[in-house]
Amino acid sequence: MKVLHANINIIREINRLDKTRNLFTAIFNLSDTVDIIIYNALFLPFIYYAVEHKFPTYRYLTIAGILFLMVLCNAAYSKFYHGYLEQLSNMKIKHAYNKQLFIKAGKYDYADMTRAEYYEKYSMLLNIGAGKLVEGLDMIWWAVSVLLLSLFYITVIQSISLTLVFAALLCALAVYFINLKYIQYEYQYHTETVRTSRKSEYFGRIFLMERYAADLRTTNVFHALEKDKNRMFRQLKKVIVSGASKKVLLFSIIKKLLLFFVTTAFVAIYMAWNYLVEGNILLSVSEIVVAQALMLQMSTILSDLAMIYPKLKQNMLYMKDYQEFMDYEPAIQENEGGLVPKGGAGALALRNVSFGYDKGRMVLKNISMEIGAGEKIAIVGYNGAGKSTLVKILLRLCLPEEGEVLMDGKPAETYSLKAYRGRFATAFQESNLYALTAAENVLMDVYTEDRREAVEEALRKAGIRERLPEGEAGLRSEMTKEFSEEGIELSGGQTQKLALSRVYAEEKGIIILDEPSSALDPVSESRMYQAMLKSAEGKTLILISHRLSLVREADRIYYLEDGRIEEAGSHEELLGKNGKYAALWHVQADRYADVDKGDTNEKGIAD
């Protein structure tokens, strides 16, 4: 029943992606079946019979012409189906399939997306999933055709000899059990190669991406990659020569030999036995020729008949992967009917929050924090202290294992997830540049001319407008050279400036800056923060940084270490405590300079 249910789901899914595909595929397979029956049961026997009995020419040509026309019409539809209908449908199905796959992937929890199992399953579904669904549908209708043809051949052959029918059925039963094992090992072999193939794709991507170009040319990392690639090749070779691969080959050979013996050798032996031993001539010469042709066709049908259930079972295995991916329920729910937060500056709070990406290894430990509406908060600490993870918790990209997050005094989960996240404007250290227009990279949305002024202003505030051509053409310039040689490439610092323009383009009440200026020079960085502080007036600002010179004007600073809040207070209060924050400040002091006011003390520390 599971196999039947899975294959019914394939029909339903294909019908949802393209409502015409089921009909056209059914017509093709059934017409193809009729064509085979016409050719083998009518056309071929008629030719031999007409010659043997010396039919009149006009009668011969009339009947032969009608049969030939029927075969020709089916051939024409077959060409039309494969050359146009099938290709168009495949394109529609793949487009719709990938779209829903992308939408579903976007709903996966961040913590789950970081796991290798997610990447492997997603890669397999993206690369072969749509094709497997289409193959599954074709296979279902193919199975219907095979069953009809099997009934036809059994009916015809039993008129010759029941012995041949029983032999054929025994052969089909044996091949069926062989195919069960064959499909099992074939699926095992395929899943084993997916993981290794993913590594191969990774190596290929590295040589296509510009950010790796300098390392590949100035270091010996190529040799390390080559060593790992050779190890991957050996693993792939091991999979290919593994037991699963050998068994696939062995069962294939056994099946071929069995089919040949029953459908060809056995028939010849049986006919010869009846003639030489029993003295019976079962068929005329023309009938023997037709019977032999039918038995040759029967060899294919026997193989196909024995493949029906194993193939349908294979459909179930692929459908299971697909349904598991699509049925995934994120721990962080959309809550579409939830509360909608008010506009303007928002208050946030974390109460006894703990979180770890892996069980038993907490990244955040019992974090409690109050961020008032309109406050300027800084979170500082060494790399690996948990600062960026804290941001993911605030944005509800990750769900705390313990504790809760509140917005304006209400639990975060009571809000609509889209509305909750829509209250934040963010800029991260790892800024992504997309192969879209400059305006779309700023808005992170579709660009229309009525938004031109907002985009222009955001680019000017971020100090990146001059990098683009003037006017509307500049805003519509394609970024990156992914698809166009004329695409605009940006340096690391320029990319971060473009990312900051996204914050300026959005009128959001809460701004989070997670070390978005690490690639900027000190002067540009200081100017950027001053401009951002001015722009953030009347808004809540959360600044993540390990550069303490940038956070002095914050209303409150939280110092994180090993996932815990070690100290909290204003810049002056934390220096007065002479604790860990003060120690880090003095370590960095010699590198600080007040590039904004120009007046520094003898140590170069801004007053």
Side-chain angles (χ1 to χ4, degrees), residues 110-111 113-115 211-212 214-215 219 221 224 350 353-369 371 376-395 397-398 400-401 424 426-432 491-493 495-497 499-500 503 511-522 524-526 528-529 532 541-554 556-569 571 574-575 577-593 605-606:
Y110 180 87
M113 290 183 69
T114 60
R115 296 188 173 94
R211 63 179 176 178
Y212 295 111
D215 287 341
T219 70
V221 70
L350 286 85
V353 167
S354 296
F355 173 78
Y357 293 103
D358 301 310
K359 288 186 177 180
R361 191 177 69 85
M362 290 296 176
V363 179
L364 298 177
K365 305 163 186 174
N366 198 32
I367 298 288
S368 291
M369 182 183 295
I371 304 173
K376 308 296 182 286
I377 298 298
I379 301 172
V380 302
Y382 287 102
N383 291 336
K387 303 186 298 295
S388 294
T389 299
L390 186 57
V391 170
K392 293 182 178 69
I393 294 292
L394 287 172
L395 291 172
L397 294 175
C398 296
E401 292 185 23
F424 293 88
T426 57
F428 301 102
Q429 180 178 2
E430 293 294 330
S431 304
N432 294 310
S491 66
T495 299
Q496 287 192 328
K497 287 182 178 181
L500 285 165
V503 176
I511 298 172
I512 296 181
L513 304 179
D514 186 0
E515 304 207 48
S517 58
S518 58
L520 297 178
D521 61 82
S524 297
E525 184 177 45
S526 178
M528 181 276 291
Y529 274 104
M532 186 57 69
L541 176 64
I542 301 170
L543 173 63
I544 313 296
S545 181
H546 63 272
R547 300 184 188 181
L548 303 190
S549 61
L550 302 173
V551 304
R552 290 168 295 171
E553 297 183 39
R556 188 163 56 262
I557 301 170
Y558 290 93
Y559 179 84
L560 261 66
E561 185 175 277
D562 192 29
R564 293 186 174 89
I565 296 176
E566 293 291 336
E567 297 175 1
H571 174 69
L574 292 177
L575 286 182
K577 290 181 179 179
N578 200 29
K580 294 183 177 181
Y581 175 88
L584 181 59
W585 168 264
H586 291 302
V587 168
Q588 296 182 0
D590 290 338
R591 292 178 291 168
Y592 295 162
I605 302 175

Q: Measure the NE2-CD1 distance between H571 and I557 for me, rounded to the nearest 0.5 Å.
A: 6.5 Å
Q | Heavy-atom pair of closest approach, residues L364 and G386 | A | CD2-O, 3.4 Å
Q.
I need the minimum non-hydrogen distance between A554 and I377, along with the two atoms involved.
A. CB-C, 4.4 Å
(Q) For the CG atom of L500 and the CE atom of M528, what is their distance to the nearest 0.5 Å? (A) 5.0 Å
Q. Any salt bridge (Lys or Arg N to Asp or Glu O under 4.0 Å) pairs touching residues 380-389, not counting sequence neighbours?
A. none
Q: Would you check if L390 and I544 make a side-chain contact, meaning some heavy-atom pair closer than 4.5 Å?
A: no
Q. Do L584 and Y559 have side-chain heavy atoms sitting under 4.5 Å apart?
A. yes
**Q.** Minimum-distance pair of heavy atoms, taken over all atoms of T426 and V503
**A.** O-CG2, 3.6 Å
Q: Could you pull out all residues at least two apart from Y382 that satisfy side-chain hydrogen bond (donor to acceptor under 3.5 Å, both in side chains)?
A: none
Q: To the nearest 0.5 Å, tell me how far H586 NE2 sits from L548 CG.
A: 10.5 Å
Q) How many angstroms lie between CD1 in I512 and CG in L394, if you round to the nearest 0.5 Å? A) 5.5 Å
(Q) Any heavy-atom pair between the side chains of Y529 and L543 that's under 4.5 Å? (A) yes
Q | Partner residues of E561 under the salt bridge (charged side-chain N to carboxylate O under 4.0 Å, His left out) criterion, sequence neighbours left out | A | K580
Q: For E566 and Y581, run side-chain contact (heavy atoms from CB on, under 4.5 Å): C-alpha distance rounded to whole Å, both residues' side-chain angles, the deciding distance at 0.1 Å, then the answer.
A: CA-CA 9 Å; E566 293 291 336; Y581 175 88; over 6 Å; no
Q: For residues A111 and C398, report the shortest heavy-atom separation together with the two atoms involved.
A: N-SG, 4.4 Å
(Q) List the residues meeting side-chain hydrogen bond (donor to acceptor under 3.5 Å, both in side chains) with K365, not counting sequence neighbours, and say none if there are none. (A) D562
Q | Non-hydrogen atoms of F355 and P400 that approach each other most closely | A | CD1-CA, 4.4 Å
Q: Check step by step if side-chain contact (heavy atoms from CB on, under 4.5 Å) holds for M369 and I379.
A: CA-CA 11 Å; M369 182 183 295; I379 301 172; 4.2 Å; yes
**Q.** Interatomic spacing from CD1 in I367 to CE in M362 - rounded to 0.5 Å
**A.** 12.0 Å
Q: Please report the shortest heavy-atom distance between Q496 and E515, naming the atom on each side.
A: NE2-O, 4.1 Å
Q | Distance, nearest 0.5 Å, that separates CD1 of I371 from OH of Y558 | A | 6.5 Å
(Q) Under the criterion side-chain contact (heavy atoms from CB on, under 4.5 Å), I'd like the reasoning laid out for W585 against L574: C-alpha separation, chi angles, the key distance, then a yes or no. (A) CA-CA 10 Å; W585 168 264; L574 292 177; over 6 Å; no
Q. Checking side-chain contact (heavy atoms from CB on, under 4.5 Å) for the pair V391/F428: CA distance, chi angles, key distance, verdict?
A. CA-CA 10 Å; V391 170; F428 301 102; 4.0 Å; yes
Q) Who passes side-chain hydrogen bond (donor to acceptor under 3.5 Å, both in side chains) against S354, sequence neighbours left out? A) none
Q. Side chains of I565 and L560: closer than 4.5 Å at any heavy-atom pair?
A. yes
Q: Please list, chain by chain and in numerical order, all residues satisfying side-chain hydrogen bond (donor to acceptor under 3.5 Å, both in side chains) with T389, sequence neighbours excluded.
A: Y357
